[in-house]
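Just so it is clear, the structure is predicted and the values come from calculations on it, not from any experiment.
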Protein chains: 2
Amino acid sequence: MIKLAQSKFVTIKDIAEKAGVSVNTVSRALNNKPDINPKTKEKIEKIAEELGYVKNSYATMLKSQISNTIGVIVPDSSNPFFSEVFKGIDKAAKEKDYQIIMMNSEGIYENEEKFIRTLLERRVDGILLFPMQKSYEDIKDLIKERFPIILVGREYDGWDVDQIFSDEIKGGYIATKYLIQKGCKKIKMITDELYNSASFGRIQGFKKALTERGLKVQDEDIKICDKIHEGYHIQAGYDETIKMLKQKDKFDGIFCYNDLIAYGAIKALKEHKIKIPNDVRIVGYDDITFSKLIEPELTTVRVNKTEMGYEAFNMIYKRIKAKRMDNSFVKKILDVELIVRESA
Amino acid sequence: MIKLAQSKFVTIKDIAEKAGVSVNTVSRALNNKPDINPKTKEKIEKIAEELGYVKNSYATMLKSQISNTIGVIVPDSSNPFFSEVFKGIDKAAKEKDYQIIMMNSEGIYENEEKFIRTLLERRVDGILLFPMQKSYEDIKDLIKERFPIILVGREYDGWDVDQIFSDEIKGGYIATKYLIQKGCKKIKMITDELYNSASFGRIQGFKKALTERGLKVQDEDIKICDKIHEGYHIQAGYDETIKMLKQKDKFDGIFCYNDLIAYGAIKALKEHKIKIPNDVRIVGYDDITFSKLIEPELTTVRVNKTEMGYEAFNMIYKRIKAKRMDNSFVKKILDVELIVRESA
DNA sequence: CTGTTAGCGCTTTCAA
DNA sequence: TTGAAAGCGCTAACAG
């Protein structure tokens, strides 16, 4: 017997016919509405079961205009930072029985734009976006005011929407201050692209801590890996460190934009038999799972990633349920803390 | 001015009215169909743009019965193994312009069942499932023969559907054989739950290598962390190793079910000042990114994760496009290789 | 080249 | 408590 790959699904009409009632009665039975004879209901449920009925949610959504779905656009789902934030989103969504359509933009603007369009076409109830770009003009235009959207993980000025991110300036500040306290005289920073607000904030904190102690900050002390593709942070950290070593830069401390970059830096230093933390102290950022497993264990700035995701979902949920846009937008800033381990 | 959170979307009817044509003309213009006057088309496109039209995909899907979407159910998206496999799926899906609805089951059967139901309700074109359970009877029942589904990452007998997984027996075998070659006399294995086919295969390979060399295998040499929740592999590896140490078990080699368990084992051994690989040699499984960063760098069995995901998508795509179910199901087995680093 | 019409599967008035 | 009928937004068959 040849079977269709996707055999026809049973509809409420099929059920109605078999039960000798109208489709409307079936609909009410299956949706636990009042005004239905318990016996009819039971009978209908039995037939639905027998026939293997599975509702067609497109029809429901088309009618009700509610999808109980949000879209989440992340740059790289295999990056532990994002996957841990995602976990928080997922947890909150499960609690509210919401579905998630997750998309990997690879940090590419064209992808983000395309995905947002797709999500709009799917009439998701809201979107969580990890902004990665310099500018969001086209996307702002696409979304207009008609849609709940939350920016997660990075601040983006010039777009009046809710945002949630961590206190980057503080993070950069406490990391650098700690390095100074430990006696570092010449601290380098390896960071991500400049227009990235997270990078920007961390640099500010870095500078603040240094100038506060009367230490000079020179542009060349801030190494920007502008060719970073998502997923290659480790390599970039490695490359930048090797470069500094080759140039015979003097330094006794490195503050890394994130833990992955720090892993790369550590690898490079180890290869050159430079002792951590004795010769060079390293501080990372994010505190991803693996940072307590590498050697030396990484001193880093902890961001509460799961909380960020969890809160982000609840922010969008609130917007969705509110139904009305008020014109006040919230910027939620999460606290960070320094986790002292072995590397600094 | 108070705005609705989700203001009404423009429909093709709106466009039709404004353009003074019928909805069908608009539909054809916007879908690049033939039989349309270029001028009309241009005009319609302009109006659509002005009005900020975004198509409602539910309506399209309801009509066409095609969603260009697949569902992917993973146990834990933050586990690097799954997130790397997912990357391969994502890559292939992008090439074919398919969307993915990804769901985290946390390895819980009830979740899997619920998610599959939801995906069916959403009329996804197919499902990729990482099977985690002893039994799939209810889910088999839910899917019946009507639906393309592929089991990814683990073999599951007793369900005639396409499957893709790696050569677990070979993996267990080469890992263990290598430990023996390196002079290990007493090798332990720390593994996941027994009913898990991956675990089962790796154990078979483990036993095969040992018996081949005339070494005895005792049940107590195989440590089963049956309380593993997804995401806690590291902890489980640590706990089991500590337990062995406390019991004063003799061993000079450990073959770990996966790299995460190996990380935990390494941590435990380091804490007890046991030298790796001098006193105890460790081999992991999967070769996730971080395995070359920890110290000592992990010797492990590499599974081509991205390829697995990529192939998995293409298998389901083929099924979807085939439209017909033939009764021959394919089991695709991916090769594995030993990556020798420092830990063994 | 364009309009009319029917219908995808479901929910929701409104009557009966 | 139930049925008839309209309609969500779009596509496709058919007529013109």
Distance-only check: which donor-acceptor pairs under 3.5 Å involve side-chain atoms of residues 16-24 of chain A, not counting sequence neighbours?
from     : atom 1 : to       : atom 2 : distance (Å)
Ser22(A) : OG     : Thr25(A) : N      : 3.4
Ser22(A) : OG     : Thr25(A) : OG1    : 3.1
Asn24(A) : OD1    : Arg28(A) : NH1    : 2.6

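What separates CG of Asn37(B) from P of dC1(C) is a distance of 6 Å, to the nearest Å. Atom CG of Leu62(A) and atom P of dG7(C) are 17 Å apart (whole Å). Put simply, NZ on Lys13(B) is 15 Å from C1' on dG3(C), counting in whole angstrom units. Whole-Å rounding puts the Lys63(A) NZ to dT11(C) P distance at 9 Å. In this structure, Ile66(A) atom CD1 and dT11(C) atom C1' are separated by 12 Å, rounded to whole Å.
At a non-hydrogen distance threshold of 4.0 Å, Ser22(A), Asn24(A), Thr25(A), Arg28(A) from residues 22-34 of chain A come into contact with DNA chain D.
The side chain to side chain contact (heavy atoms under 4.5 Å, CB included) test applied to Asp97(B) returns Lys114(A), not counting sequence neighbours. The side-chain hydrogen bond (donor to acceptor under 3.5 Å, both in side chains) search around Ser77(A) returns Asn104(A), not counting sequence neighbours. Residues passing the ring pair (Phe, Tyr, Trp, His ring centres under 6.0 Å) test with Tyr98(B) are Phe313(B), Tyr317(B), sequence neighbours excluded. Listed by chain and residue number, Tyr109(B), Glu113(B) satisfy the side chain to side chain contact (heavy atoms under 4.5 Å, CB included) test with Asp138(B) (two or more places apart in sequence, or in another chain). The side chain to side chain contact (heavy atoms under 4.5 Å, CB included) search around Asp162(B) returns Ile150(B), Met315(B), Arg319(B), Phe329(B), Val330(B), not counting sequence neighbours. Residues passing the side chain to side chain contact (heavy atoms under 4.5 Å, CB included) test with Glu307(B), sequence neighbours excluded: Asn304(B), Glu311(B), Leu334(B).
Among the heavy atoms of the strands lying under 4.0 Å from Ile12(A) is at least one base atom, whether or not backbone atoms are also near. At the heavy-atom level, Ser64(B) lies nowhere under 4.0 Å from the strands shown. Within 4.0 Å of Asp35(B), counting heavy atoms only, lies at least one base atom of the nucleic acid. At the heavy-atom level, Thr40(B) lies under 4.0 Å from the strands shown only through sugar-phosphate atoms.
The outermost nucleotides of DNA chain D lying under 4.0 Å from heavy atoms of chain B, listed 5' to 3', are dG9(D) to dA13(D).
Comparing Lys41(B) and Ala59(B) by the nucleotide of DNA chain C that holds the closest heavy atom to each, the one mapping nearer the 5' end is Lys41(B).
The existence of a salt bridge linking Lys140(A) and Asp160(A) is excluded, since no basic side-chain nitrogen approaches an acidic carboxylate oxygen closer than 4.0 Å.
Phe9(B) carries Arg123(A) over the face of its six-membered ring, with the cationic atom under 6.0 Å from the centre and within 45° of the normal.
Taking side-chain N and O atoms only, Gln65(B) has a distance below 4.0 Å to OP1 or OP2 of dG9(C).
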